[in-house]
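Heads up: the structure comes next, in structure tokens.
Lettering follows sequence order; numbering is per chain, from 1.
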Number of protein chains: 2
Amino acid sequence: MGISKSDFFTEEQNEISNLMKALGHPARIAIIEFLLKKESCVCGDIVSELPLSQPTISQHLKELKNVNIIKGSVEGNSICYCLNLETLEKIQNYVQLTISGATKCKPGECC
Amino acid sequence: MGISKSDFFTEEQNEISNLMKALGHPARIAIIEFLLKKESCVCGDIVSELPLSQPTISQHLKELKNVNIIKGSVEGNSICYCLNLETLEKIQNYVQLTISGATKCKPGECC
DNA sequence: ATTCTATATTGCAATATTACGATAAAGATT
DNA sequence: AATCTTTATCGTAATATTGCAATATAGAAT
């Protein structure tokens, strides 16, 4: 049914999965990498950078904005986007502290 | 249309977005955290641990297995799952090297 | 051999995502 | 003011995801 039973999961689990979901599309990864490469805010270059239509890109930007991975500010008649370091750090911290805490099984264990 | 134009993105962009997509659901985050907590392989406890039906959980496990985040091996009449460190490291590396390379804008810049 | 237990698969319904053409909105330029 | 440029929104179609009941599968236990 597509009903997401997010009530049964912790706040943190819902939050991190939302962030990961936002990273779960190559176009959005490409957008983020483009912003990274520029080492600064990017004003009005994103549409010409991606092999997608302007409405589609606008939609992807919106999704990244919704989870605070990027922020945008109006600059003249174009919009400047930049990465939100705070959110990126949240992702980094989760991966660092949680995921990388995985331990190798001892020899003789099942995996 | 849901047509994913993955041909236009790099191999790495497609790969990392697939991994992130697999992390983009609270149930799958919960599964991973459960495996982490156990510090070992887990045989036959996952279904009772989550507020979802057995088929649904099986499906989520399959998705995690498809992208090699977990691996499972048959052990008697139950199945033991464990995390695949290699893939977790791939995620960690990407986040570390790529995402955390983001730089703060200098004062006076647009964001 | 039959039954039990654990997991996978199938089939299907509800919802979400992805994509884009058409159009709107808003500031810049002429 | 009319036009251009850039971005957002609307409407809609195609596809994917999520969830579960029913059922299948496979090894264990009786």
Side-chain angles (χ1 to χ4, degrees), chain A residues 1-9 13-14 17-31 34-35 41-67 70-82 110-111, chain B residues 1-9 13-14 17-31 34-35 41-67 70-82 110-111:
Chain A
M1 294 156 220
I3 293 172
S4 195
K5 300 191 147 193
S6 33
D7 295 351
F8 296 115
F9 300 102
Q13 285 167 342
N14 286 318
S17 65
N18 275 331
L19 289 174
M20 294 307 193
K21 186 156 70 174
L23 300 179
H25 191 288
R28 295 194 289 269
I29 290 287
I31 289 170
F34 183 60
L35 291 176
C41 48
V42 167
C43 307
D45 287 330
I46 299 181
V47 169
S48 56
E49 199 66 21
L50 292 183
L52 292 169
S53 73
Q54 181 271 319
T56 302
I57 292 170
S58 180
Q59 203 172 303
H60 283 304
L61 288 168
K62 192 179 179 185
E63 281 173 71
L64 289 171
K65 225 174 357 183
N66 281 343
V67 296
I70 65 174
K71 40 190 174 180
S73 58
V74 180
E75 200 84 7
N77 68 346
S78 73
I79 294 188
C80 297
Y81 285 106
C82 62
C110 62
C111 49
Chain B
M1 296 156 220
I3 293 171
S4 194
K5 300 191 146 191
S6 33
D7 295 350
F8 296 115
F9 300 101
Q13 285 168 343
N14 286 318
S17 65
N18 274 332
L19 289 174
M20 293 307 192
K21 186 155 70 173
L23 300 179
H25 191 288
R28 295 194 290 268
I29 290 288
I31 288 170
F34 182 60
L35 291 176
C41 47
V42 167
C43 306
D45 287 329
I46 300 181
V47 169
S48 57
E49 200 66 22
L50 292 183
L52 292 169
S53 72
Q54 181 270 320
T56 303
I57 293 171
S58 181
Q59 203 173 305
H60 284 304
L61 288 168
K62 191 180 179 184
E63 281 173 71
L64 289 172
K65 225 172 359 180
N66 281 344
V67 295
I70 65 174
K71 41 190 173 180
S73 57
V74 181
E75 200 83 7
N77 67 348
S78 74
I79 293 187
C80 298
Y81 285 106
C82 62
C110 62
C111 50

For B/I79 and C/dT5, what is the distance between atoms CD1 and C1' respectively, to the nearest whole Å? 12 Å
Could you give the CD1-to-C1' distance, from A/I70 to D/dT7, as a whole number of Å? 13 Å
C/dA26 P sits how many Å from A/E75 CD, rounded? 18 Å
Of the non-hydrogen atoms in A/G72 and A/K65, which two are nearest, and what is the gap between them? N-CD, 4.2 Å
Could you tell me whether the side chain of A/T56 and the main chain of A/L52 form a donor-acceptor pair under 3.5 Å? no
Students often mix this up, so state it plainly: with edges at 30° and 60°, are the rings of A/F9 and B/H25 parallel, tilted or perpendicular? perpendicular
Residue pair A/N77/B/D45 against DNA chain C: nearer the 5' end by closest nucleotide is B/D45
Within the pair B/Y81 and C/dA8, is there a side-chain N or O less than 4.0 Å away from OP1 or OP2? yes
Once you round it to whole Å, what is the distance between C1' of C/dT18 and CG of A/L50? 14 Å
Over how many whole Å does the gap from A/N18 atom CG to D/dT18 atom C1' extend? 15 Å
Nearest whole Å is fine: how far is C/dT18 P from A/L23 CG? 12 Å
Length of the line joining A/N66:CG and C/dT18:P, which is rounded to integer Å: 12 Å
Under 4.0 angstrom, heavy atoms only, what part of the nucleic acid is A/S78 near: base, sugar-phosphate, or nothing? sugar-phosphate
Treating B/R28 as the side-chain partner and B/K21 as the backbone partner, does any N or O pair qualify as donor plus acceptor under 3.5 Å? yes
Strictly below 4.0 Å, heavy-atom distances to any atom of DNA chain C: list the hits from residues 54-63 of chain B, or just say none. B/Q54, B/P55, B/S58, B/K62
Between A/S17 and A/Q13, is there a donor-acceptor pair closer than 3.5 Å when you use the side chain of the first and the backbone of the second? yes
Against the side chain of A/R28, the closest entry in D/dA28, C/dT18, D/dT17 is C/dT18
5′-ward residue of the pair A/K65/A/K21 relative to DNA chain D: A/K65
Closest of D/dT7, D/dT5, D/dG19 to the B/H25 side chain is D/dG19
To the nearest 0.5 angstrom, please state how far the CD1 atom of A/I70 sits from the CG atom of A/L61. 4.5 Å
Cys pair A/C43/A/C80: SG distance under 2.5 Å? yes
Using whole Å, report how far CG of A/L52 lies from P of C/dA19. 6 Å
